[in-house]
Amino acid sequence: MTRAAEQVFDTSRDFAPALIGWYDRHHRSLPWRVNPDERQQGVVPDPYRVWLSEIMLQQTTVAAVKAYFEKFVRLWPDVVALARAESDDVMKAWAGLGYYSRARNLKKCAEIVAFEHGGRFPDTEAGLKALPGIGDYTAAAIAAIAFDRPAVVVDGNIERVVTRFLVCETPLPQAKPEIRAFLSTVLPKDRPGDFAQAMMDLGATVCTPKSPACILCPLSDGCRARSEGTQTRFPLKAPKAQKPERVGAAFVAVRGDGAVLLRKRIESGLLGGMSEVPGTAWTARQDGQTEVEAAPFAADWKRCGEIRHVFTHFALTLTVYRADLAAHPAPEDHWWSPRDQIAGEALPSVMKKVVEKAIPGATKARGKATS
DNA sequence: CACTCGTGGTA
DNA sequence: TTACCAAGAGT
């Protein structure tokens, strides 16, 4: 074999070592992570922290997760503590992070692990995937990261890295089997957890969606998209449908002492189990005026303005009304939230916008932290 | 498979 | 401002 041939990037031989070598030098240090040097010194990851972080990171940025992760481990240091927590307190702590079914399943999962598995997480992919909120990706990620099992981990970052490396012309999600097949051929048996985290770090910091830093990539010598200059064409995806518009009205009742009237949404569906101010249903845009008769009770409702919020599959414009009352009994299934507790309520971001529109500053924490 | 399900940051 | 997107899961 010639010298030149020896320098060619041999994917089956070089992929994992090149990636792991890069990871040892350029890994991110994150609150839930055991760094490679620590792991080499025998530090073992806490499956609870790995699990909690993976649930929070589903479709959510690292930057957004950090503060929530710290808050959760402070309030509930282990899975038994979380299992014993009040569901309402968990929803309050999750408020603002989005995808609230994750919080409901988080609690269910904690209870199963704490009360049915003796407080220990299953250490296999199949065992993990049987738990609520844990799907293909998360089961593989926990198995690999927490238990160092040779699981094939595929997330959005890894899909991007692999489809570029292979010049995969199959659009997602159909390309998934090809991606898994490729990864199974390069997965190292000795450090599967670090391999998975390395792939994700590479996707997050080097092989980024818009302007990948190929000059810094340890895999660039073997990357087909790099050689063709077509990196940003991948991964191929089906075009998205445009979002419909919906409208509605929200009513902020303010008592003399500053308390605000709230109610709880049903457990299932959009913003399930979260709190809100009373309001109309959110319907497709109609020319008719908003009906003030949808208010929780008759009062001098004054229009404050509108707020706009964009969900995953529709955009919403809410007309915000406010009424000031000396005192008024809370209607059935409603309650008056005291002024100093509003910031700690399980209000999703859209509802914080509504309350802020009616009462500027009301959702900002003041004085001592609550709960 | 297709659709539901949040939010905030970025170009 | 619009559009995309970030460690996906459940139905």
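Every chain is numbered from 1 and lettered A, B, ... according to where its sequence line falls, protein lines coming before strand lines.
What you find for A/C168 and A/E178 is that their closest heavy atoms are SG-OE1, 3.4 Å.
C/dT11 and B/dG6: their P atoms are spaced 14 Å apart (whole Å). Rounded to whole Å, the separation between the P atoms of B/dC5 and C/dA6 comes to 22 Å.
Separating the CD1 atom in A/I142 from the CD atom in A/E125 is a distance of 10.5 Å, to the nearest 0.5 Å. With rounding to the nearest 0.5 Å, the separation of CZ in A/F182 from OG1 in A/T11 is 5.5 Å.
A/H309 has its ring centre less than 6.0 Å from the ring centre of A/F311.
The side chain of A/H313 places an N or O atom within less than 4.0 Å of a non-bridging phosphate oxygen (OP1 or OP2) of B/dC5.
Nearest-nucleotide positions on DNA chain C for A/V62 and A/P132 put A/V62 closer to the 5' end. Residues A/P173 and A/V350 each lie close to DNA chain B; by heavy-atom proximity, the contact nearer the 5' end of the strand is made by A/P173.
Listed nucleotides: B/dC5, C/dA9, B/dT7. Nearest to the side chain of A/L270: B/dC5.
When the salt bridge (charged side-chain N to carboxylate O under 4.0 Å, His left out) test is applied to A/D221, no partner is found at least two apart in sequence or on another chain.
The salt bridge (Lys or Arg N to Asp or Glu O under 4.0 Å) analysis of residues 236-251 of chain A, with sequence neighbours excluded, yields the pairs A/E245-A/R308.
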Between the protein and nucleotides 3-6 of chain C, which nitrogen or oxygen pairs come in under 3.5 angstrom?
| unit_1 | atom_1 | unit_2 | atom_2 | d |
| --- | --- | --- | --- | --- |
| C/dC5 | OP2 | A/K240 | NZ | 3.3 |

